[in-house]
There are 2 protein chains.
Amino acid sequence: MNSTPQHDAEAAARAANSPLVRDFGLLITSATRLEQRIDSALRRECGISHTMLEVLILLCRRSGEEISQRQLADGLTLTSSGTTRLIDRMEEAGLVRRVPSPGDRRVALVEPTADGRTALLGAAAVHARVVEEFFVGPLTADDYTRLTGALAAIDRALREDTG
Amino acid sequence: MNSTPQHDAEAAARAANSPLVRDFGLLITSATRLEQRIDSALRRECGISHTMLEVLILLCRRSGEEISQRQLADGLTLTSSGTTRLIDRMEEAGLVRRVPSPGDRRVALVEPTADGRTALLGAAAVHARVVEEFFVGPLTADDYTRLTGALAAIDRALREDTG
DNA sequence: GATCAGTAATTGACTGAGCAGCGAACTTCC
DNA sequence: GGAAGTTCGCTGCTCAGTCAATTACTGATC
């Protein structure tokens with residue numbers, strides 16, 4: 001395999017123009033832009049970040065059932081240290097409360113405060129508006145169900161391998 | 001609209017369990033995990049980040065055609081200051097070079113070095129492997145083409161509204 | 001041709017994340 | 001019941017990004 005500059009430039013151009021690269025870029029770009037869009041709308045209108053909304057969603061899903069920071073970290077695709085600091089900020093803001101676990105003195109259970117639940121209600125409306133406009137709106141109903149099915153398959157593959 | 005704690009908790013649970021929330025979460029989670037997967041593989045095997053690969057892809061796409069930092073920022077969903085520092089690191093690593101634009105003395109054109117093109121070739125192989133395994137592999141051919149079509153529609157909607 | 005609004009890149013201060021390493025608490029196994 | 005290994009959350013440090021302000025340049029308008 002000899003490599004002249006000429007040859008390399010052509011090979012690089014070929015790699016950069018591969019349809020796989022383009023398609024995958026589309027996924028990353030769309031997800032990034034959507035998240036940024038929601039994050040800035042939430043900050044502007046509700047004063048919380050998108051990550052905080054995710055936490056509130058996980059906490060309020062099944063009422064009465066407390067969730068540990070470890071479980072939150074897994075659900076948020078975050079490290080445990082990142083979760084610690086995130087919950088620090090949310091506790092400071094009065095959105096959540098840490099409660100020692102009765103069964104295991106290492107774990108800190110996290111539960112939403114009344115303010116946290118109220119914040120969730122407001123934020124969910126903003127979230128729904130943006131998702132409706134840029135995620136559901138541009139697609140036909142059929143494409144939408146296919147898309148979520150495909151994402152579920154990808155998610156499953158990612159979870160099966162290591163984790 | 002009166003709000004008892006009881007009422008609020010139920011409303012919060014309903015919001016948190018909305019299918020829209022779940023579906024959108026799937027998109028964000030899948031994209032995040034995929035990107036993390038690729039980023040760590042690239043760092044381990046090639047010593048560059050996923051963002052740097054994106055830069056090299058944009059630069060090598062059309063050979064001979066230089067690209068300004070502004071164009072890079074748009075293509076990467078990054079701010080201009082973030083791009084400045086990213087290009088700083090890449091220039092330091094010998095992957096790219098800044099060239100003053102002949103037509104407009106404000107803009108810095110960026111072009112790949114020979115090392116940059118070589119790095120792209122190695123990184124593209126790693127990228128392709130991961131994408132193949134977790135993006136293309138889990139889907140049928142039909143679902144794949146539908147998925148990319150749907151993502152393109154979302155991307156279009158995002159671009160149309162405000163830039 | 002002077003001025004003035006707009007744009008490109010940079011810099012300083014800050015933020016939210018990761019990694020590595022810590023102590024405390026739990027589990028397993030003898 | 002103790003030793004060894006594991007898990008949970010926390011902390012110091014670093015990194016890659018943002019925002020806001022700055023400088024340098026361009027192009028339109030009077």
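Note on naming: letters A, B, ... go to the chains in the order of the sequence lines (proteins, then strands), and numbering restarts at 1 for each one.
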What is the distance, to the nearest angstrom, from the [atom1] atom on [X] to the [atom2] atom on [N]?
X	N	atom1	atom2	result
A/Arg89	C/dT15	CZ	P	10 Å
B/Ile48	D/dA16	CD1	C1'	16 Å
A/Ile67	D/dG9	CD1	C1'	17 Å
A/Arg43	D/dT18	CZ	C1'	10 Å
B/Glu66	C/dA8	CD	P	17 Å
A/Asp88	D/dC10	CG	C1'	9 Å
B/Arg85	C/dT10	CZ	P	10 Å
A/Gln69	D/dG9	CD	C1'	6 Å

Hey, does [X] reach any base, or is it just sugar-phosphate, or nothing, if we go heavy atoms under 4.0 Å?
X	result
A/Thr83	nothing
B/Ser49	nothing
B/Gly82	base

Below 4.0 Å: OP1/OP2 of [N] and any side-chain N or O of [X]:
X	N	value
B/Gln71	C/dA8	no
A/Arg98	D/dC10	yes
B/Thr51	D/dG17	yes

What's the shortest heavy-atom distance between [X] and [Y], and which atoms?
X	Y	value
A/Leu147	B/Ile154	CD2-CD1, 4.2 Å
B/Thr113	B/Gly94	OG1-O, 2.7 Å
B/Ala15	B/Val21	O-CG2, 3.8 Å
B/Ile28	A/Ala31	CD1-O, 3.8 Å

[options]: which one has an atom nearest the side-chain heavy atoms of [X]?
X	options	answer
A/Leu78	D/dG9, D/dT18, C/dG18	C/dG18
B/Ser68	C/dA9, D/dC10, D/dG17	C/dA9
A/Thr79	C/dA17, D/dG17, C/dG18	C/dG18

Discussion item. Could you walk me through whether B/Glu10 and A/Arg117 satisfy the salt bridge (charged side-chain N to carboxylate O under 4.0 Å, His left out) test, starting with their C-alpha distance in whole Å, then the side-chain angles of each, then the deciding distance to 0.1 Å, before giving a yes or no?
Written reply: CA-CA 10 Å; B/Glu10 280 170 30; A/Arg117 285 203 193 82; over 6 Å; no
Item to complete: Could you label the plane-to-plane angle of the A/His50 and A/His127 rings as parallel, tilted or perpendicular, counting under 30° as parallel and over 60° as perpendicular?
Response: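 Taking A/His127 first and then A/His50, their aromatic rings lie parallel (interplane angle under 30°).
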Discussion item. Looking at B/Ser81 and D/dC19, is any side-chain donor or acceptor paired with a base atom of the opposite kind under 3.5 Å?
Written reply: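 When only heavy-atom distances are counted, B/Ser81 does reach the base of D/dC19 through a donor-acceptor pair under 3.5 Å.
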Would you tabulate the nitrogen or oxygen pairs shorter than 3.5 Å linking the protein to nucleotides 24-28 of chain C?
unit_1, atom_1, unit_2, atom_2, d
C/dC26, OP1, A/Arg105, N, 2.6
C/dC26, OP2, A/Arg105, NH2, 3.3

Discussion item. If hydrophobic clusters are built from ILVMFWY residues whose side chains come within less than 4.5 Å, do A/Leu109 and A/Leu59 share one?
Written reply: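 Shared cluster, no.
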Worksheet item: If you measure from the Lys or Arg side-chain nitrogens to the Asp or Glu carboxylate oxygens, is any gap between A/Arg98 and A/Glu66 under 4.0 Å?
Response: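 Here A/Arg98 does not pair with A/Glu66 in a salt bridge, since their nearest N and O are not under 4.0 Å apart.
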